[in-house]
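First comes the structure, then the notes that go with it.
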Amino acid sequence: MEPKYHPHAIEEKWQKIWEEEDLFRVMEDPSKKKFYLLEMFPYPSGRIHMGHVRNYSIGDVVARFLRMNGYNVLHPMGWDAFGMPAENAAIKAKIHPAKWTYDNIAYMKTQLKRLGFSYDWSREFATCDPEYYKWEQLFFIKMFEKGLVYRKKAYVNWCEHCQTVLANEQVEGGACWRCERPVVQKEMEQWFFKITDYVEELLDYTYKLDGWPEKVLVMQRNWIGKSHGSEIDFPVDGLDEKVTVFTTRADTLFGATFMSLAPEHPLVPILCRGTEQEQKVLDFVEEAKRLKRSDRMEEILEKEGIFTGRYCINPVTGDKMPIFVANFVLMEYGTGAVMAVPAHDQRDFEFARKYDLPVKVVVRPADSDHIPDPSELTEAFEEEGILVNSGQFDGLTSKEAKKAITEHLAERGMARFKVQYRLRDWGISRQRYWGAPIPVVYCDNCGTVPVPEKDLPVVLPLDLELLPNGGSPLPVSESFYKTNCPKCGKPARRETDTMDTFVESSWYFIRFACADENTRPFDPDRVNYWLPVDQYIGGIEHAVLHLLYSRFFVKALRDMGYISFDEPFTRLLTQGMVIKDGAKMSKSKGNVVDPDDMVQAYGADTVRLFCLFAAPPEKDLEWSDQGIEGAYRFLGRVWRFVAENIDNLRNAATYSGKISELKGPLADLFRKTHQTIKKVTEDIKERYHFNTAIAATMELVNMLYQTRDRADEKDESFWPVMRHAVENLILLLSPMVPHITEELWHQLGNSGRLFNMPWPSYDEEAVKVEDLLIVVQVNGKVRDKMTVPADTPDSELEKLALERDRIKQFTEGKTIRKVVVVPKKLVNVVVG
RNA sequence: GCCUGGGUGGCGGAAUAGGCAGACGCAAGGGACUUAAAAUCCCUUGGGGCUUCGUCCCCGUGCGGGUUCGAUUCCCGCCCCAGGCACCA
């Protein structure tokens, strides 16, 4: 056996053997408990990065661990293969997106294989394959029939740089999530998935998904943004129109002194028509729309407004309220109109001061009788309280008044209770080439016609020349868009937009259950066996994107009868980022660590080990060049221990006796071995804390070296106990570092694959400590420690503690007020 | 502003149920081996103190209070950092 650890030879050797044996292939087996373990599949950008290595290392430990614990584990991998970088590369390097994508996939697959992950590659697919996206087009058609997908003209987020529309979830702080450039509003005809149909169920389940991090659930709840309130109608003075507002503060209605409308509000042109304000208002609206369309990501615009020349009537006071158009009112939320209550809303307050509008106090704090005069207010009182200046509603609490005032108006048909959400429908049209075509045809006679099922897939043509300006070639490609109407047969035009790539990733995890099924999207038997995903692992950045879309898609597919579960991912682990020098790795910062370089320098096992050891999975991981050296050194230490003692270990039979038959250092090592099995098992199974699991195996290795030097080698149990410790060490480390452990296992003369070995179990007797170290405190300070037999009764502990000389020193001349005994741990003597 | 996390040695981190703070690793220092270096192995390592160098004493988990025999852990108030949302009516 090589005295030195040479990772490359053994890693490549075992990877080859595993592949030849098809070791990681899994089949449905109803006699076994299944476990579906999934890591977020990568976009084939060219090379994997350290974030992938970390994500997939975590997943591989869990997969191998569960496998060894008797589960039938589905652990697949594939490619999220549609997307813009392929198009950009195509324009820049003149390579077709398809070739670029498939070349990248081929390379990245070798990288993943080189890392030794236990994927069942027979289930692999790329989402840009028509055999994949044809089912997505089928779902689109079915959703169209069900009214779950629809087309409408709307203001949408447009990224000029990416030349496409973005969903609300894909705009971060006013900027494109991909290129980080400002997003503008553009009015376009777009396809939308009706995610809002499922808003209540999506929200409900955020309280039931107890295997998800609370952080992600909170983010989703905030994104959904449910609020309870009222809709109230305000008649327009002198016109047969009304302005309807949504408010969560109906209790402040008596304080509403003016009205604010969004610039896009449809009533605006009607209201100002014929007034002397008309031109000024229309100019203001144009200017506001223009500003909205331009770069407004950084600071919030100065609050500005303009009087429309019209008034509406406050339905409870009968007062005339001037109607303004205000640049801060959003057409997309509520009704696009806000009743302004300057005394109780800071924004309205500032607006009222600026335009010299009346302020009326109608709520006072519950803990004060003082009703401030509007002139003395310096800011709005936004909290709830007790109503004043509100006629018959005076004295009610805000909560009571919201109900009472809404009901009062509801009797006259002027108000109703209303639940409002922030979540809006998911816009999925993308003006891009490298995506799944939306299977729709536009016919002058028949209108919008879905492509019939039998004509699917609508294949994305690969023989197109890309346009140099980055625009999609589909709208100018006759061979693609020219078609005949499926209904009337007359010439018609295909939809040339493609689907958001988040659509592909919203259902790929189901397809892994039956990737070879070619007559229907899913094979119910296999899907019912494997799904839902038991454990999903990926980055937090998808908290409200992919993870919300997938939840919606599963519910939609369920209601269309394709599947029969409610939620895609039972448990979710969001791992932290890999950072270097305190910042996310990026080319511009020059702090990128390439996995290939690391594998080359240290081997896959070391890279995996470091990723697992440096931090618990949910925290960010700071890459450290010294840290990875340490990981390498540890594996060298493991290797060397076996290599240096290989003959003795090989010739020994693994110790199978009881701990009571051992003594001294050998008993200690045997106990430590069992304690390590317990610790590693619990850390992996219950906590996914691989860092502490690895720390425990390090302790065992340290003890192996110590025991070799300190125990009596002539003891006939010496090598059997050593072998017992070494074999268990190998088994415990195998999910994390599968190659070195496989090699050592075979060097010891064992056969079979660790992947198929049962996970070691520990002996309760052997874990128990014979002697306990009891801490003795005086007034809560540690003053002494004593070693006692484990079965010493509590009363005896107290007696022993009080007899200690050290303790007597501290208690002498003082009264013992109390003695606290914590079984097996500590005695605290309280003196005064 | 609001909502979530988090703040522990020189560094990454540990302490799982209120009971020895700092496991394990890195870095640093010392020693062994060596002609020498590398590699390896062993030891020390939170800060401070000393007529006694100890099974010694004091301080110490962002800050200030509280509960408790005992608080990194629970409660109240504050500061700072990270992430998310942000004109949402």
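Below, chain A is the first sequence line, B the second, and so on; all start at residue 1. Computed from a predicted model, the values in this text were never measured in an experiment.
Rounded to an integer number of Å, the gap from CD of A:E332 to P of B:A89 is 14 Å. With rounding to whole Å, A:D709 atom CG is found 16 Å from B:U40 atom P. In this structure, the CD atom of A:E383 is 16 Å from the P atom of B:A89, given to the nearest Å. For the pair A:E214 CD and B:G5 P, the interatomic distance rounds to 7 Å; values are reported in whole Å. Atom-to-atom, CD of A:Q706 to P of B:C42 comes out at 7 Å; the value is rounded to the nearest Å. B:A89 atom P lies 11 Å from atom CD of A:E382, rounded to whole Å. The nearest whole Å value for the distance from the CD1 atom in A:I540 to the P atom in B:G5 is 12 Å. Regarding A:K303, its NZ atom lies at a distance of 13 Å from the C1' atom of B:C88, rounded to whole Å.
Taking the charged nitrogens against the carboxylate oxygens, A:D683 and A:K678 have no contact shorter than 4.0 Å, which rules out a salt bridge. Here A:R249 does not pair with A:E382 in a salt bridge; the nearest charged N to carboxylate O distance is not below 4.0 Å. The pair A:E699-A:K672 meets the salt-bridge criterion, with a side-chain N (NZ, NE, NH1 or NH2) lying under 4.0 Å from an Asp/Glu carboxylate O. Under 4.0 Å is where a charged nitrogen must lie from a carboxylate oxygen, and between A:E200 and A:K226 at least one such pair does.
Take A:F284 and apply the ring-ring contact (aromatic ring centres under 6.0 Å, His included) test, not counting sequence neighbours, and it matches no residue.
Taking only side-chain nitrogens and oxygens, A:K818 comes nearer than 4.0 Å to OP1 or OP2 of B:C69. At B:C85, none of the side-chain N or O atoms of A:R422 fall inside 4.0 Å of OP1 or OP2 (strictly under the cut-off). Within the 4.0 Å cut-off from OP1 or OP2 of B:G25, at least one side-chain nitrogen or oxygen of A:N702 is found. Contact between the side-chain N/O atoms of A:R806 and the OP1/OP2 oxygens of B:C57 is found at a separation under 4.0 Å.
In this structure, a donor-acceptor pair under 3.5 Å is absent between the side chains of A:Y688 and A:E618. A donor atom on one side chain and an acceptor atom on the other are not found under 3.5 Å apart for A:N157 and A:Q170. When only modelled atom types and interatomic distance are considered, A:E629 and A:Y602 share a side-chain donor-acceptor pair under 3.5 Å.
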What string of B, S and - do you get for nucleotides 12-20 of chain B, 5' to 3', when a contact is any protein heavy atom under 4.0 Å? BSSSB--BB
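Summarising the geometry of A:A343 relative to A:V361, their closest heavy-atom pair is CB-CA, 3.9 Å, with the distance given to 0.1 Å. Annotation for A:I232 and A:A250: closest pair CD1-CB, 4.2 Å, computed over non-hydrogen atoms.
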Nucleotides 71-76 of chain B: which of its N/O atoms have a protein N/O under 3.5 Å away?
none

Taking only N/O atoms, report every protein-nucleotides 59-61 of chain B pair under 3.5 Å with atom names and distance.
residue : atom : partner : partner atom : Å
B:C59   : OP2  : A:K781  : NZ           : 3.0

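Taking 4.5 Å as the limit, some side-chain heavy atom of A:L547 sits within range of a side-chain heavy atom of A:Q220.
Taken residue by residue, residues 252-260 of chain A places no heavy atom nearer than 4.0 Å to RNA chain B. Taking a 4.0 Å limit (strictly below) on heavy-atom distances, residues 623-637 of chain A reaches RNA chain B at A:Q626, A:G630, A:R633, A:R637.
Using P as the reference atom, B:C53 and B:C69 are 38 Å apart when rounded to the nearest Å.
Classified by its glycosidic torsion, B:G9 falls in the syn category, the angle being within 90° of 0.
If A:S227 and A:D784 are placed on RNA chain B by their nearest nucleotide, the residue sitting closer to the 5' end is A:D784. Each of A:R804 and A:R249 lies near RNA chain B, and the nucleotide nearest A:R804 is the one positioned closer to the 5' end.
Judged by the 6.0 Å distance and 45° axis criteria, A:R221 is positioned over the aromatic ring of A:Y207. Annotation: cation-pi pair A:R422/A:Y333 absent, no NZ/CZ under 6.0 Å from the ring centroid and within 45° of its normal. Under the 6.0 Å distance and 45° angle rule, A:R571 does not count as a cation-pi partner of A:W212.
The aromatic ring centres of A:Y5 and A:Y632 sit less than 6.0 Å apart. Residues A:F613 and A:F634 place their aromatic rings such that the two centres sit no closer than 6.0 Å.
Comparing B:G83, B:C3, B:C24 against the side chain of A:N222 picks out B:C3 as the nearest.
Look at B:A71: it lacks any Watson-Crick or wobble partner with both distances under 3.5 angstrom. Using the Watson-Crick or G-U wobble rule with both distances under 3.5 Å, B:A15 pairs with nothing in any strand shown. The base-pairing partner of B:U40, taking Watson-Crick or G-U wobble contacts with both distances under 3.5 Å, is B:A32.
In this structure, A:Y549 and A:W426 have parallel ring planes: the angle between them is below the 30° cut-off, well short of the 60° mark.
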